[in-house]
Amino acid sequence: MSTLQAVRGMHDILPEHMPYWSKLERALCDLFAAYGYSEMRLPIVEKTELFKRSIGEVTDIVEKEMYSFDDRNGESLTLRPEGTAGCVRAGIEHGLIQPQQAHKWWYSGAMFRHERPQKGRYRQFHQVGIEAFGLEGPDVDVELILLTRRLWQVLGLSAVVQLEINTLGSSESRHAYRALLVEYFNAHRDRLDEDSVRRLERNPLRILDSKNPDLKPVIEAAPRLYDSLDEASRTHFSQLQELLQAVGVSFTVNPHLVRGLDYYNRTVFEWKTDRLGAQAAVAAGGRYDGLVAQLGGKPVPAIGCALGMERVVALLQEIGAAPLAERVDVYMVMAGDAALRAGLGLAEQWRDDIPGLRMLVNTGGGSFKAQFRRADRSAARWAVILGDDEVREQVVTLKPLREQGEQLRVAWADASGTLKSLLGLTTSSMT
RNA sequence: GUGGCUGUAGCUCAAUAGGUAGAGCACAGGAUUGUGAUUCCUGGUGUCGUGGGUUCGAUUCCCAUCAGCCACCCCA
């Protein structure tokens, strides 16, 4: 192969896509500030052991999807496949996660999973993680859902996402149920398909969610999770539903909603869409009350949620959302060496005089026609014209590009004042 | 990891029952010796994804490989 290509599944996000990303990122930042969640930044690489102990040894992620390698000292390191483990590790390591204390954090960044690339699925992808520690819920469970629901509202995506919730019960009741299920499906092993036999070892709860219609009778006769649910989890779940109803959040209970990571318990939820092909989950999360202790911290309840940024961006494009357009105030058109010399200086002076000014100075020469074409395509509101005549008379010509109007000729000494009032710029206009 | 489809100019695509390729858009210059649309004229580029095989000759046929897409699986 003579030309270099990006590594499979690791995509470039080009300038033309950034307006959608910026729209999402700004909305998120505003929301986190509004709800009182603090940002943290975490390493992309962690010890492999961390993911094995948190996500679970027999999950797909740990068994076959991690980018792991040996460090120079022989220790196994891994490119993070998800964010919660590193967040919990950091919280414990710095003594932040303590009983009787609440913390609400968020972070974002690249995650890595060696899966087959597909629409909405990449080997390097970006997640926003939201975590809350030290709170039993279900009030904080609802807050997390409300925060994400508000994000959809802000982005105009409410109509294309639906909320599903479920409970997995306490770790104990979940494990008891799991054993019950394994026993049941083992007794009917001959009626399972190949995938489900494999799931029997790995994640038996997922058999319940099989897409194979042949399995429907076996699945319907299987023991139900709700029958094994402990009393406290039952109460937690019904309070959660009452609170959601009280604040007008619509949802469906999906008894088959199971998370792929081992550490979840009690509340799990998922925002799904039918606009992105098979990759339906846009954001998903749940409680992980046992994880902090499991990783060596004190027992502290926690809940978290992850949002797939590529998927949200894809949704924004899918529904034809308006990208966040960058404003351009002025495009400077120049003809000749004298104009270039004068123009570069004038432009710098205006940048000093007019805070917030967004000005493109023509580079690379070109005829007036070409320069005006560039000015037009830049979406600038005004063209500043500097040719031989203007340089001789020490003036600039200002031409409105977005609306009808006469050209103005302004002396260099007055130009920044005139521009400032024409543009109506104040120091705080940062659109 | 499994299966199906695809891969030609910067982008979207066409063509050649095997004889080394075109169009639109975009870009540059001009008609308009200093003014954005439209129109018209002019201009260039392709290792036809990569490697190998068959053939006098392969972009076309065969094999492999890489990548993309779609689904399974899994998940954000």
Under a 3.5 Å cut-off for both contacts, is [N] paired Watson-Crick or G-U wobble with anything, and if yes, with which nucleotide?
N	value
C73(B)	none
G29(B)	C41(B)
U60(B)	none
A67(B)	U6(B)

Would you measure the distance from the [atom1] atom in [N] across to the matching atom in [M] and give it in whole Å?
N	M	atom1	result
U35(B)	A14(B)	P	41 Å
G30(B)	G44(B)	C1'	16 Å
C48(B)	A23(B)	C1'	16 Å
C56(B)	C69(B)	C1'	39 Å
A26(B)	A64(B)	C1'	36 Å
A21(B)	U16(B)	C1'	8 Å
U55(B)	U42(B)	C1'	41 Å
G1(B)	U38(B)	P	49 Å

To the nearest angstrom, how far is [X] atom [atom1] from [N] atom [atom2]?
X	N	atom1	atom2	value
Leu398(A)	G36(B)	CG	C1'	16 Å
Asp60(A)	A76(B)	CG	P	12 Å
Arg123(A)	A67(B)	CZ	P	7 Å
Arg374(A)	A37(B)	CZ	P	13 Å
His114(A)	U2(B)	NE2	P	11 Å
Glu131(A)	A76(B)	CD	P	12 Å
Ile55(A)	A76(B)	CD1	P	10 Å
Asn362(A)	G36(B)	CG	P	15 Å

Ring geometry between His11(A) and Tyr122(A) (parallel below 30°, tilted from 30 to 60°, perpendicular above 60°):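 Tyr122(A) vs His11(A) ring planes: parallel.
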Just call it for [X]: base, sugar-phosphate, or nothing, with non-hydrogen atoms closer than 4.0 Å on any strand.
X	value
Gly83(A)	nothing
Lys119(A)	sugar-phosphate
Gln279(A)	base
Arg113(A)	base
Gly366(A)	sugar-phosphate
Tyr331(A)	nothing
Pro81(A)	nothing
Ile385(A)	base
Leu307(A)	nothing
Ala284(A)	sugar-phosphate
Ala283(A)	sugar-phosphate

Given [N], is OP1 or OP2 found less than 4.0 Å from the side-chain N or O atoms of [X]?
X	N	answer
Arg199(A)	C72(B)	no
Gln118(A)	A71(B)	yes
Arg8(A)	G68(B)	yes
Arg116(A)	A71(B)	no
Ser367(A)	G30(B)	yes
Arg373(A)	A28(B)	yes

Under 5.5 Å and under 30°: Phe372(A) stacked on U35(B):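 By the stated criterion, Phe372(A) and U35(B) stack.
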Between [options], which nucleotide gets closest to the side-chain atoms of [X]?
X	options	value
Lys369(A)	A67(B), G36(B), A76(B)	G36(B)
Glu115(A)	G34(B), G36(B), A76(B)	A76(B)
Ala281(A)	A28(B), C69(B), A76(B)	A76(B)
Phe368(A)	C75(B), A67(B), G34(B)	G34(B)

Side-chain donor or acceptor of [X] under 3.5 Å from a matching atom on the base of [N]?
X	N	answer
Arg311(A)	C75(B)	yes
Gln407(A)	U35(B)	yes
Arg121(A)	C73(B)	yes
Lys399(A)	G36(B)	yes
Glu390(A)	G34(B)	yes

Trp106(A) and Tyr37(A) aromatic centres sub-6.0 Å: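 Ring centroids of Trp106(A) and Tyr37(A) are no less than 6.0 Å from each other.
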Please determine if [X] and [Y] form a salt bridge, counting it only when a charged side-chain N lies under 4.0 Å from a carboxylate O.
X	Y	result
Glu348(A)	Arg351(A)	yes
Arg287(A)	Asp141(A)	yes
Arg327(A)	Asp329(A)	yes
Lys52(A)	Glu46(A)	no

Ala6(A) or Leu386(A), whichever maps to the more 5' nucleotide of RNA chain B: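 This one resolves to Leu386(A).
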Verdict with supporting geometry, Arg199(A) and Ser196(A), side chain to side chain donor-acceptor pair (under 3.5 Å): CA-CA 5 Å; Arg199(A) 282 188 279 232; Ser196(A) 292; 3.2 Å; yes
Syn-anti status, with the boundary at 90° from 0, for the nucleotide A14(B):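 With its glycosidic angle more than 90° from zero, A14(B) counts as anti.
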Atom of Gly9(A), atom of Pro117(A) and distance for their closest heavy-atom approach: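 Taking Gly9(A) first and Pro117(A) second, the nearest heavy atoms are CA-CG, 3.9 Å.
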The single option from Ile319(A), Val312(A), Leu315(A) passing side-chain contact (heavy atoms from CB on, under 4.5 Å) against Thr273(A):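 Result: among Ile319(A), Val312(A), Leu315(A), Leu315(A) is the only option passing the side-chain contact (heavy atoms from CB on, under 4.5 Å) with Thr273(A).
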Distance, nearest 0.5 Å, that separates CG of Leu180(A) from CG of Leu225(A):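 It is 10.5 Å, given to the nearest 0.5 Å.
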